[in-house]
Amino acid sequence: SSPGSSSSEEAESLAAAKLEGRRPGSARAAVVRAAEERGAAEAEGRAAAAAQMAVEHAVREAHEACRREHERSMAAMSQKHAAALERMRAELQALEERAEETGAAL
């Protein structure tokens, strides 16, 4: 709120206090209390927004860490499979060569 609106609020509170027979000081205290409550509510709103941003950031970080771990795991599995395939090819080739030698010996 702008500075002009708080002074007009204070003027309204002072006028209301005079109409109701209250002391002007109590109206000023009410205006101060209202301003403090507004400030506290705004601070709570900022804190809630900051907390939400922190949670969203943590979720993004966790998601990225999972993605990297999945990528690493898939690469490791791919390497193991490639090595196993290479061993099987070598074994097959050795068996074929032995079969040829056995066939030639017959």
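All values below were derived from every heavy atom in this structure, side-chain atoms included, with hydrogens, water molecules and symmetry-related copies excluded. Computed from a predicted structure; not experimentally measured.
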Practice item. For residues E64 and R60, determine if any side-chain heavy atom of one lies less than 4.5 Å from a side-chain heavy atom of the other. Key: no

Check your understanding: Is there side-chain contact between E86 and R89, with heavy atoms separated by less than 4.5 Å?
Key -> yes

Got a second to check how far [X]'s [atom1] is from [Y]'s [atom2], nearest 0.5 Å?
| X | Y | atom1 | atom2 | value |
| --- | --- | --- | --- | --- |
| H63 | E61 | NE2 | CD | 11.5 Å |
| R72 | R67 | CZ | CZ | 13.5 Å |
| L95 | E100 | CG | CD | 11.5 Å |

Review point. In this structure, are over 12 heavy atoms from other groups packed under 6.0 Å from Q93 atom CD?
Key: no

Review point. Is it true that R33 and E37 make a salt bridge, defined as a side-chain N closer than 4.0 Å to a carboxylate O?
Key: no

Check your understanding: With the threshold set at 4.0 Å, does a side-chain nitrogen-carboxylate oxygen contact exist between E91 and R87?
Key -> no

Exercise for review: Give a yes or no answer on whether the side chain of T102 reaches the backbone of R98 with a donor-acceptor pair at less than 3.5 Å.
Suggested key: yes

Exercise for review: Applying side-chain contact (heavy atoms from CB on, under 4.5 Å) between M77 and each of K80, Q79, M74, report the one that passes.
Suggested key: M74

